[in-house]
**Student:** 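Take a look at the following structure, please.
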Amino acid sequence: MTCTVFHQADGAGRPVMDLGHVTTALNKLDVADEEKIVLTSRDGKSLLVVSFADVARCLEGAFGELCAGSVPPPSMDGGGGGQGTVRY
C-alpha cells in the first residue's frame with residue numbers, strides 16, 4: 001500500500017511526491033472506498049486487485065489483533081497518587 005500512496009513517478013520514471021495524491025488515497029482508505037487499486041510486490045511478480053475497503057478491513061483487523069495481544073502500560077501515579085500525579 002505504501003507504493004500506491006507514496007511512491008509515485010513522473011513520465012521519465014523519476015520519483016515525485018504528489019501530496020494531493022497522498023491525501024486522496026488516505027481519505028479513500030479512511031472512508032473504506034470501494035474503488036479498486038492494484039498492489040504489486042516489490043519484485044513485480046505478484047499483483048493483488050483490492051479495494052480501499054479491503055485494505056481498511058485488513059488494517060483494522062491487524063490493529064485489533066495487536067491491541068488484543070497487548071498489555072496495558074503500568075500506572076504512572078505510583079498506585080495511590082491523586083489525579084495527574086506522576087511519581088518516578
Side-chain angles (χ1 to χ4, degrees):
M1 182 73 184
T2 58
C3 291
T4 300
V5 176
F6 298 107
H7 296 207
Q8 299 297 303
D10 65 11
R14 294 179 302 238
V16 295
M17 176 60 78
D18 181 352
L19 293 179
H21 174 77
V22 171
T23 302
T24 299
L26 291 175
N27 283 337
K28 288 178 181 182
L29 181 62
D30 186 41
V31 299
D33 194 294
E34 288 297 331
E35 179 183 334
K36 302 286 186 189
I37 55 175
V38 177
L39 303 180
T40 309
S41 64
R42 297 252 180 220
D43 63 8
K45 294 181 180 179
S46 300
L47 302 173
L48 288 175
V49 178
V50 296
S51 68
F52 283 99
D54 296 329
V55 175
R57 276 191 296 277
C58 290
L59 286 173
E60 289 171 4
F63 183 74
E65 289 176 16
L66 285 172
C67 290
S70 67
V71 294
S75 174
M76 293 181 58
D77 69 1
Q83 187 105 156
T85 304
V86 177
R87 299 174 193 220
Y88 297 96

**Student:** State the NE2-OG1 distance between His21 and Thr23, to the nearest 0.5 angstrom.
**Tutor:**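 Here the rounded value is 10.0 Å.
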**Student:** Could you state whether Val31 and Val50 fall into the same hydrophobic cluster, counting links through intermediate Ile, Leu, Val, Met, Phe, Trp or Tyr residues with side-chain heavy atoms under 4.5 angstrom apart?
**Tutor:**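 They do not share one cluster, since no chain of ILVMFWY contacts under 4.5 Å joins Val31 to Val50.
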**Student:** Between Ala53 and Glu34, which heavy-atom pair has the shortest distance, and what is it?
**Tutor:**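 Minimum heavy-atom separation between Ala53 and Glu34: CB-OE2, 3.4 Å.
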**Student:** I'd like a table of donor-acceptor pairs (distance under 3.5 Å, sequence neighbours excluded) in which one partner is a side-chain atom from residues 57-71, with atom names and distances.
**Tutor:**
from  : atom 1 : to    : atom 2 : distance (Å)
Arg57 : NH2    : Asp54 : OD1    : 2.5
Ser70 : OG     : Cys67 : O      : 2.9

**Student:** Going from CD1 on Ile37 to CG on Leu29, what distance comes out if it is rounded to the nearest 0.5 angstrom?
**Tutor:**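 Interatomic distance, Ile37 CD1 to Leu29 CG, rounded to 0.5 Å: 8.0 Å.
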